[in-house]
Amino acid sequence: MSLLEARNIKKVYKTRFGGTSVEALNNVSFTVEKGEYVAIMGESGSGKTTLLNIIAALDKATDGSVILDGMDLSKVKDRDIAKFRRDNLGYVFQEFNLLDTFSLEDNIYLPLVLAGRKPAEMQERLKKIAEPLGIANILKKYPYEVSGGQKQRAAVARALITDPKVILADEPTGALDSKSSDELLALFKQVNQMGQTILMVTHSTKAASNASRVLFIKDGAIFHQIYKADASDRQMYQKISDTLTLLAQGGDK
Ligand SMILES: Nc1ncnc2c1ncn2[C@@H]1O[C@H](COP(=O)(O)OP(=O)(O)O)[C@@H](O)[C@H]1O
Ligand SMILES: [Mg+2]
């Protein structure tokens with residue numbers, strides 16, 4: 001059984017008062033195995049964020065289902081959704097989404113605080129990840145006192161601290177300069193090598209070339225996928241570029 005399965009996901013956004021509707025996702029199906037690092041690529045407006053939000057149970061599909069570790073998300077009761085998300089998923093956003101009035105440490109602790117964990121356990125968990133994430137010496141700082149790259153590493157720590165089944169990342173390098181992007185991608189790779197399953201949406205070819213598999217989404221459906229297998233990041237970059245060129249030409253694979 002796959003760790004994550006998206007089955008025939010459809011999403012139609014209806015404007016209020018019965019106006020026009022937008023079909024953001026048409027028929028998306030794919031699976032992610034435990035320990036995989038999967039990137040989803042597609043142009044702006046192709047439905048990437050919509051898809052990730054549905055998988056994160058932040059939004060509801062119009063049709064289709066998401067199965068995480070054997071659990072059908074649509075069967076989780078509304079009042080249990082926040083807890084389900086906290087217990088199973090880590091989310092990394094393009095804009096970091098840290099609380100400005102909390103230190104980095106308190107931001108990272110937040111999901112555990114909400115889950116009612118004891119301070120000793122929280123400290124123990126943070127100790128394990130702060131060093132590898134390179135944030136051990138800035139934990140007492142506030143978001144406005146650190147760089148974008150450091151903020152994003154704190155956001156990754158916040159996603160990792162609950163030991164989630166999968167990390168979902170939406171354009172995690174989108175707001176970073178190229179050096180910080182490279183650092184974040186190296187970090188994701190390291191975290192994945194430690195066994196963490198990652199699903200990342202991005203329109204960056206460079207970011208996607210780090211993943212072990214890339215899915216291409218176009219007009220709300222998966223158009224193609226490529227496996228990295230033994231290819232280097234460079235070779236993967238080339239394979240992705242070639243696929244994107246085909247996609248842009250509207251051709252078949
Ligand atoms: N809340 C919303 N209401 C109406 N339309 C939306 C909403 N969110 C996204 N859309 C539309 O759905 C499509 C996919 O958007 P999105 O998932 O944000 O794409 P991406 O993340 O790939 O840029 C776009 O046409 C967008 O305008
Ligand atoms: Mg988006």
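Whatever order the structure lists them in is the order used to number ligands and atoms, beginning at 1.
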Study note, to complete from the structure: Closest heavy-atom pair, Ala56 versus Leu168, reported as atoms and distance to 0.1 Å, is CB-CD1, 3.6 Å
Review point. Is at least one protein non-hydrogen atom found at under 4.0 angstrom from atom 20 (P) of ligand 1?
Key: yes
Study note, to complete from the structure: In short, Phe188 meets Pro172 closest at the heavy-atom pair CE2-CG, 4.1 Å
Review point. Is the closest heavy atom of Gly42 to ligand 1 under 4.0 Å?
Key: no
Study note, to complete from the structure: Note: heavy atom closest to atom 23 (O) of ligand 1, options Ser21, Ser46, Gly45, belongs to Gly45
Practice item. List the closest protein heavy-atom neighbour of atom 18 (O) of ligand 1: residue, atom name, distance to the nearest 0.1 Å. Key: Thr49 CB, 3.8 Å
Exercise for review: Can you check the number of protein N/O/S atoms within less than 2.8 Å of the Mg ion (ligand 2)?
Suggested key: 1
Point to revise | Gln94 atom CD, neighbour heavy-atom count above 12 within 6.0 Å | key: yes
Check your understanding: Do the side chain of Asp69 and the main chain of Lys165 share a donor and acceptor less than 3.5 angstrom apart?
Key -> no
Point to revise | Heavy-atom pair of closest approach, residues Gly90 and Pro164 | key: N-CB, 3.4 Å
Review point. Applying the side chain to side chain donor-acceptor pair (under 3.5 Å) test to His203, which of Lys48, Glu171, Glu43 qualifies?
Key: Glu171
Practice item. Give the single entry among Thr50, Asp170, Thr202, Val201 that approaches atom 16 (P) of ligand 1 most closely by any heavy atom. Key: Thr50
Exercise for review: Mind listing the closest non-hydrogen atom pair of Leu98 and Arg158 along with its distance?
Suggested key: CD2-NH1, 3.8 Å
Check your understanding: Has ligand 1 got any nitrogen or oxygen that is less than 3.5 angstrom from a nitrogen or oxygen of Ala24?
Key -> no
**Study point:** Nearest non-hydrogen protein atom, atom 9 (C) of ligand 1
**Key:** Tyr13 CE1, 3.4 Å
Check your understanding: Between Asn53 and Thr50, do the side chains contain an N or O donor and an N or O acceptor separated by less than 3.5 Å?
Key -> no
Check your understanding: To the nearest 0.1 Å, how far is atom 25 (O) of ligand 1 from its closest protein heavy atom, and which atom is that?
Key -> Val22 CG1, 3.8 Å
Practice item. Indicate yes or no: does an N/O atom of Gly47 lie under 3.5 Å from an N/O atom of ligand 1? Key: yes
**Study point:** Smallest separation among heavy atoms of Ile9 and Val66, with atom names
**Key:** CD1-CG2, 3.6 Å
Check your understanding: Hey, which atoms in ligand 1 end up nearer than 4.0 Å to a heavy atom of Glu43?
Key -> 22 (O)
Study note, to complete from the structure: Minimal heavy-atom distance between Thr162 and Pro111, with the atoms involved, is CG2-CB, 3.6 Å
Check your understanding: Can you tell which of Lys206, Lys228, Lys239 makes a salt bridge (charged side-chain N to carboxylate O under 4.0 Å, His left out) with Asp233?
Key -> Lys228
